[in-house]
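Can you keep this structure in mind? I'll have questions shortly.
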Amino acid sequence: MTTDSLPTDSLPTKASAAFALESKDLRKFYGRGKRQFEAVRGVSLSLYPGEVLAFLGPNGAGKTTTIKMIAGLIYPDAGWVRIAGKDPHRQPDALRGVGAVLEGNRNLYWRLTPLENLEYFGVLRKLPRRMARQRGLELLERFELVDKQKEPVRKLSRGMQQKIAIAVALIHEPKLLLLDEPTLGLDVEAGETVKTLIRQVADSGCAILLTTHQLNVAEELSDRVAVIRRGEIVAEKPTQELIQQFSDRSAYRIEVAGTLDVSRKLALEKLGARVNNQVIHYAPPAAKHQKGSAQLTSRHSANIYQIFSILDPLPLVDVRQDKADLTDAFLRLVQSDSPVDPKGDRTTTPLPTAPLPTAPSPTASETQQ
Amino acid sequence: MIDLFIGELKRTWLQTLRYPTEVIGGIVILTAVFYGIFFSTQYMAGSANAFGDRLDSLVVGYVTWTLVLYILNDTATSLQLESQTGTLEQVFLSPFGAFKVFLVRAVANLTLRMLLILVVLGLILWITGSQLSFPSLLLLPLLTLILAASGLAFLAGSLALVFKRVQQLLGLFQFVLLFLLATPTEEWTGTARTVAHMLPILPSIGLLRGLMARGETLDWGLWAIALANGLIYFAIGIIVFRWAERKAKRQGTLGGY
């Protein structure tokens, strides 16, 4: 296939200009014959200037292939990409609008200093040499790396190298920044610095497509989340909306001090609560499907009060509503075998009535990469 | 493009200078090898006086050999190394397009290499106490030689892009090159001569030998053939490199190693 035979179906026109990134129905096959498999199946992603989209998925779900198709580094077998209205696969100039920090890559010349890297990559992105140097100095100041500008990159810490890689990706003031695992392998402090930088970059109007296995990072930084599973987008929503969808605010977790006797346990279970040592979980079974029903809400509140009266006079250690986080939402989306309804108000994933299992810590899942 | 050329020149220069022992080592090895060749030839041929003006052609032959070898390996080695260290995909993100970047890179590297060779040449002349006189027309077949060699370099680079590990193949290239440089194909006649005109580098090498060793004047007809040969192999290099770039992007193996 040549670039001339790249897919051109349903090319967008003026509407694309409003988007920093628009991609439609991207598909990619790998392998041949019986070994052929579809790594990316009809992925469509759009980003407005200044928006941060967290693109999440388990290993091998198709995140990196999608990002590289967007960056023009892998040809899609079908679908199209527009960066500020231009096709990176046909118009190399479209790459003036893209900056990328790719996972598993150094992204920098280790023998060169930060400033030399910034200057070189600036020129490589078609900036005049003087401007590249000037912008490089500004970025070093903004990223608090001025004192390291003359050290070869290989002598710097992993956190600093990552900051320089992000600075290099920003040297030509791109409209779209692709960040594949930007906080991978960073210590807590460096991770926090990189997060602050990403937020600042987005605030300056640059659209950011971010992949990460650190879901707390995604939750903190993203305006919107897209979850990919086996090459397909299974959910795409504003971050808080997605978390809300997987939270059951009518469910409560109550922890008491001391031991619950059998009569109390029976009374609690009769009301529909689950008792696990000193912890009581109460989740009204039908509430999530009938939100807004005043009658139901009132009955559930009555049940909660009853639970408290059964527990009285045991000392209360903790009372709180069950609230999901992005990790919970993500795990349920990627572990579900249900069919996909990415933009629907409700995913087809069944919501749990029981309390959520403890999610693995993001750091642990990250170190698996 | 000028900015890109200066940028590439600066990058290569700085990267090389960061390890000065590499530069000094390179100069010492190149010089020592030549010195070895010089003395062994002298031993075989008799005294230095009898050696006479063949020394000029020996110098030119050796310098040409190192230069062509460097050009041939440069693009493939650079692609392989950058793919390994993880900067290759950043280079492919350039709006200039990969081919232009690698072409400018090749020219910048060649410029620096020429400087290194001039230093070596100076050392050689100082050691042997000889004086070289080159006809300025020598630059013309040298230009066609560089064109053809660059075409071959892009062919080798294409292999590196698609197949990644091509070190063994590059080794093989050196033997082929040795054959191309050492065989006096300009003395061939008939069909063999026509075939020699079509093989890469050969017409330029024949002209260089004629100018230097036999003291002939430049045959413009033969130079036209050498120019066509250089341009054709350069064009083949460009076409195959662009094909390899598309192939690697289709396979999704651009950054892999």
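Every heavy atom of this structure was used, including side-chain atoms; hydrogens, water molecules and symmetry mates were not. Everything numeric here is computed off the predicted structure, so don't read it as measured data. Quick note on labels: first sequence line is chain A, next is B, and so on, each numbered from 1.
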Sort T113(A) into side chain, backbone, both or neither according to what part of it lies under 4.5 angstrom from a heavy atom of chain B.
both
Greatest number of heavy atom pairs closer than 4.5 Å to chain B - which of V101(A), L73(A), N117(A):
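Highest number of pairs under 4.5 Å: L73(A).
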Looking at CZ of R111(A) and CG of L17(B), how far apart are the two atoms once the value is rounded to the nearest 0.5 Å?
10.5 Å
If I take atom CD1 from residue I74(A) and atom CD from residue E89(B), how far apart are they, to the nearest 0.5 angstrom?
7.5 Å
Please name the pair of heavy atoms, one in A100(A) and one in Q90(B), separated by the smallest distance, quoted to 0.1 Å.
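Here A100(A) and Q90(B) meet closest at O-NE2, 2.7 Å.
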Please confirm whether R246(B) makes a cation-pi placement over Y75(A), using NZ or CZ under 6.0 Å from the six-membered ring centre and within 45° of the ring normal.
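No, R246(B) and Y75(A) do not form such a contact.
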Under a 4.5 Å heavy-atom cutoff, which of M69(A), R130(A), Q91(A), K28(A) has the most pairs with chain B?
K28(A)
Spacing of CG belonging to L124(A) relative to CD belonging to E8(B), to within rounding of 0.5 Å:
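CD of E8(B) is found 6.5 Å from CG of L124(A).
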Using ring-ring contact (aromatic ring centres under 6.0 Å, His included) as the criterion, list what pairs up with F55(A), not counting sequence neighbours.
none
Got a second to check how far R11(B)'s CZ is from F121(A)'s CZ, nearest 0.5 Å?
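Separation between the atoms: 8.5 Å.
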At a heavy-atom separation under 4.5 Å, does Q251(B) approach chain A through its side chain, its backbone, both, or neither?
backbone
CZ of R18(B) to CG of L112(A): how many Å apart, nearest 0.5 Å?
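It comes to 6.0 Å.
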Is K249(B) reaching over with its side chain to a backbone N or O of H89(A), donor-acceptor style, under 3.5 angstrom?
no
Is K126(A) positioned over the aromatic face of F96(B), cation under 6.0 angstrom from the ring centre and no more than 45 degrees off axis?
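Yes, cation above the ring, under 6.0 Å and within 45°.
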Which region of V91(B), side chain (C-beta onward) or backbone (N, CA, C, O), has a non-hydrogen atom less than 4.5 Å from a non-hydrogen atom of chain A, or is it both or neither?
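V91(B) touches chain A through backbone and side-chain heavy atoms alike.
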Region of K247(B) that comes under 4.5 Å of a non-hydrogen atom in chain A:
side chain
Using a strict threshold of under 4.0 Å (side-chain N to carboxylate O), is an ion pair present between E119(A) and K10(B)?
yes
Take atom CG of L139(B) as the centre, draw a 6.0 Å sphere, and report whether it contains more than 12 heavy atoms from other residues, nucleotides or ligands.
yes
At what distance, to the nearest 0.5 angstrom, does OH of Y109(A) lie from OG1 of T87(B)?
4.0 Å
Which one of V101(B), L93(B), L14(B) has the most heavy-atom pairs closer than 4.5 Å to chain A?
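Most heavy-atom pairs under 4.5 Å with chain A: L93(B).
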